[in-house]
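Here's a structure for you.
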Amino acid sequence: MEIRFYNSLTRSDDLFQPIDGHTVKMYSCGPTVYDFAHIGNFRSFLAADLVRRFLEAVGYEVWHVMNITDVGHMTDDSSADGAGEDKMEAAAKRLKEDKKSGKAPEGCVADPDNPYEIAAYYRDAFLEDGRKLGMKVAFEYPQRVHCATKFIPQMIKLIEKLIERGHAYVGRDGVVYYDVKSFPDYGRLSGNTLDKLENLQEGAGGRIDASNQANKRNPADFMLWKADSTHVMKWDSPWGAGYPGWHIECSAMAMEALGPEIDIHTGGEDLIFPHHECEIAQSRGGSGCGSFARFWLHTRFLMVEGTKMSKSKGNFFTVRDVLGGKATGTEVHPAALRYELIRTQFGAQCNFTMKGLVDSANSVRKLSEFAERVEAEAGAKVVEVGLDHPVLKQFFAALANNLNISEALGVVHTWISTPVEDPAEAVAVLRKIDSVLGVVELTKSAGSGDDDEITVLCQAIHEARQRRDFPTADLHRKQLESRGYEVRSTAEGTVAKRKMA
RNA sequence: GGCGUCGUAGCCAAGUGGCUAAGGCAGUGGAUUGCAAAUCCACCAUACGUGGGUUCAACUCCCACCGACGCCUCCA
């Protein structure tokens, strides 16, 4: 199978082959844990999840590593470059207020002034959200989700190596900087090449402070280590106790966990510059390799109802918001949210809408009911299917074409509405498909959630219909519907299922 | 101001110079149903952001413009 992915580095659909032929080494930039992850974050993480699931389904072994930034970075590259508030400090403030007003969950963070506690709290929340949404790296390989604070020695080692190899230097202010001039390929990914960065000072905001620039050789040089004894999160280093720059953690982690050269690197489109640009410079500068990640897969941002997601517009949703019903007014099944977030190709802007969520819920329901049906019909019969099965062939061919999920879903929808000849074969095909989509498995793990009252009402509807007492049947149906259930009556009986969105 | 991505129906999307512009979702009509839901059948872009140009021929190539999005400061 010929697999092609759009590669940001070459700006073309490149033929994919793992470097060693069988094991795909994949790294994803994960979240910074100072708040709950929002649906935009997860759109990106689930895109990576889809890539890894697809590659596994077609036979590759995938080592997928994700980082969690649990360091409270100062927002500035060095103090003079910016005036923003540290995200961790902002989180502390917010948590304190939430605690005072009783909005914070019971015992969520004992000491809001402790950044380690804040980070741990949101890290756990992120992993929980990830598990709910079927993110494989979260529920199957948590040992491959690494926190930046666990890689400080590796970062220091890499910085030392960069200095040794002439890619980094200690500035007049004692801060360790990367010397971008020492890396001619700087700018290849983003287009912000060295000749263009010469004019950095002329930038729109004029944000580069001259006094700060005096400490560096080049305005574009970025920080690797900053000594700061006042910083709460600080570690000893050859350059004084302090904290690492923002970009170094990913280079150190990818190198340690996957080696100097990896197959795929994913992240949001916002990370292209400076983060990924700097990451390439650090990794290649440290390893001396001619390449770091072969493929750069960037996910485009998610919009909500056609506009940017922002707190001020009131259309900013965390995963928890959506699942809890804050977006739609009704609780949303994680499978429906997963489907909604993966249904648009990762490189295209996706539009999150309430209608789309309902559509997604419908699709998931269709799929899970199809699964139930063929599983029941198949009974104990088990059939093996290969990727040469006509349905799977089409499904995977679509995905092999830059993960064209629209076409792949089209294949699935068409297939499940054609008569099933061999239920056991259908079970096997669906399992394979869902090993990528990961939505049917989520509907199964959640359990039915039916209580006795629902069963009683369904029985009452059935009996009322049998004696042709339709007003009573309709009344009960309305009761169930108002409680968020979909009701379906046939001659054999009435069943109610919780709506998924 | 600089760098980058992108504009095909309500939504996603195929299409990379040439038959009447794939497919899925949604929608509409019908069958079915006490009514619904589900299911099944049928229908659903003379048109590819706009305006030029190249060509026998353009959604596909070139130019300009318009618009959307991301980055240049932490950010999926």
Side-chain angles (χ1 to χ4, degrees), chain A residues 6 8 11 13 28-32 34-35 37-48 69 72-77 81-88 90 187 189-193 196-200 202-208 220 246 266-277 298-303 306-309 339 341 343-351 353 355-356 358-360 362-363 365-366 369 394 398 401 404-415 417 419 465 468-471 473-474 477-478 481 486-491 494-497:
Chain A
Y6 179 80
S8 309
R11 301 195 174 96
D13 291 332
S28 295
C29 282
T32 307
Y34 46 69
D35 204 346
H38 56 71
I39 53 177
N41 294 331
F42 263 95
R43 138 96 159 145
S44 173
F45 305 146
L46 291 179
T69 302
H73 290 301
M74 301 306 287
T75 47
D76 47 2
D77 187 31
D81 275 4
E85 187 181 20
D86 178 57
K87 296 285 190 187
M88 212 59 95
L189 178 69
S190 65
N192 292 314
T193 46
K196 283 159 187 153
L197 287 169
E198 294 281 324
N199 307 316
L200 207 61
E202 305 336 307
R207 295 182 181 103
I208 306 300
W246 172 42
T266 75
E269 60 172 325
D270 57 327
L271 296 178
I272 294 170
F273 188 86
H275 186 236
H276 290 160
E277 197 71 75
H298 287 106
T299 43
R300 287 206 73 175
F301 268 26
L302 166 142
M303 310 279 277
T307 60
K308 292 190 216 185
M309 180 167 77
Y339 190 100
L341 292 175
R343 72 198 289 208
T344 306
Q345 199 271 350
F346 69 85
Q349 195 162 69
C350 91
N351 190 15
T353 64
K355 179 168 187 305
V358 172
D359 289 349
S360 291
N362 264 325
S363 296
R365 180 194 48 70
K366 245 179 172 171
E369 283 183 359
Q394 285 181 65
N401 179 21
N404 185 344
I405 185 82
S406 286
E407 193 184 326
L409 290 173
V411 170
V412 176
H413 274 109
T414 305
W415 173 59
S417 53
R465 289 182 78 245
R468 302 190 70 77
D469 177 5
F470 299 122
D474 289 348
R477 186 162 74 203
K478 283 216 177 74
E481 277 167 354
E486 291 178 289
V487 184
R488 207 167 296 172
S489 295
T490 62
T494 292
V495 287
K497 281 193 178 167

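These numbers were taken from a predicted model, which means no experiment stands behind them. Within every chain, numbering begins at 1; the chains are lettered A, B, ... in the order of the sequence lines, protein sequences first and strands thereafter. These values consider heavy atoms only, across backbone and side chains, with no hydrogens, waters or symmetry-generated copies.
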(request) Between B/C25, B/A36, B/G4, spot the one nearest the side chain of A/Arg343, thanks. (result)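 Nearest listed nucleotide: B/C25.
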(message) Nearest whole Å is fine: how far is B/C3 C1' from A/Glu277 CD?
(response)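 Distance, rounded to whole Å: 10 Å.
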(request) Could you please name the option among B/G34, B/A13, B/C71 that lies closest to any side-chain atom of A/Asp270? (result) B/C71
(request) Decide yes or no, distance alone: a donor-acceptor N/O pair under 3.5 angstrom between the base of B/A36 and the side-chain of A/Arg488. (result) no
(request) May I ask whether A/Phe301 stacks on the base of B/A76, given the cut-offs of 5.5 Å between ring centres and 30° between planes? (result) yes
(message) I want to verify a distance call: between B/A13, B/G34, B/G70, whose nearest atom is closest to the A/Asn404 side chain?
(response)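 Nearest to the side-chain atoms of A/Asn404, counting from C-beta on, is B/A13.
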(message) Could you tell me the Watson-Crick or G-U partner of B/A47, where both distances fall under 3.5 Å? Say none if there is no partner.
(response) none
(message) Looking at A/Thr32, I'd like to know whether one of its side-chain N or O atoms comes within less than 4.0 Å of OP1 or OP2 on B/A76.
(response)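 Yes.
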(message) Roughly how many Å apart are B/U60 and B/G18, using the P atom of each and rounding to a whole number?
(response) 11 Å
(message) Between B/G34 and A/Asp474, counting only base atoms on the nucleotide and side-chain atoms on the residue, is there a donor-acceptor pair under 3.5 Å?
(response) yes
(request) Could you check which of B/G23, B/G4, B/A13 has an atom nearest any side-chain atom of A/Glu269? (result)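 Nearest nucleotide to the side chain: B/G4.
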(message) According to side-chain contact (heavy atoms from CB on, under 4.5 Å), who are the partners of A/Ser360, at least two apart in sequence or on a separate chain?
(response) A/Tyr339, A/Glu340, A/Arg343
(message) Does A/Ala348 reach a base, just sugar-phosphate, or nothing at all? Heavy atoms under 4.0 Å.
(response) sugar-phosphate
(request) Measure from the side chain of A/Pro274, starting at C-beta and using heavy atoms only, and say which of B/C72, B/C3, B/G23 lies closest. (result) B/C72
(message) Taking the minimum atom-to-atom distance to the side chain of A/Asn401, which one of B/G15, B/G23, B/C69 wins?
(response)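 Closest nucleotide among those given: B/G15.
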(message) Output the rounded distance in Å from CG (A/Asp359) to P (B/C12).
(response)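 Whole-Å distance recorded here is 12 Å.
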(request) Could you let me know what B/A9 is paired to, Watson-Crick or G-U wobble, both distances under 3.5 Å, or none if it's on its own? (result) none
(message) Closest approach to the side chain of A/Ser406, judged atom by atom: which nucleotide of B/C25, B/G24, B/A13 is it?
(response) B/A13
(request) Write down the partner of B/C19 under the Watson-Crick or G-U wobble criteria, each distance required to be under 3.5 Å. (result)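 Base partner found: none.
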(request) Among the candidates B/A14, B/C25, B/G2, find the nucleotide nearest to the side-chain atoms of A/His413. (result) B/C25
(request) Between B/C25, B/G34, B/A76, spot the one nearest the side chain of A/Ala473, thanks. (result) B/G34
(message) Once hydrogens and angles are ignored, does a donor-acceptor distance under 3.5 Å link the base of B/G4 to the side chain of A/Arg11?
(response)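 No, the side chain and the base share no sub-3.5 Å donor-acceptor pair.
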(message) Checking contacts here: which listed nucleotide (B/G24, B/A76, B/C72) is nearest the side-chain heavy atoms of A/Asn41?
(response)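 Taking heavy atoms from C-beta onward, the closest nucleotide is B/A76.
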(request) Write down the partner of B/C35 under the Watson-Crick or G-U wobble criteria, each distance required to be under 3.5 Å. (result)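 Base partner found: none.
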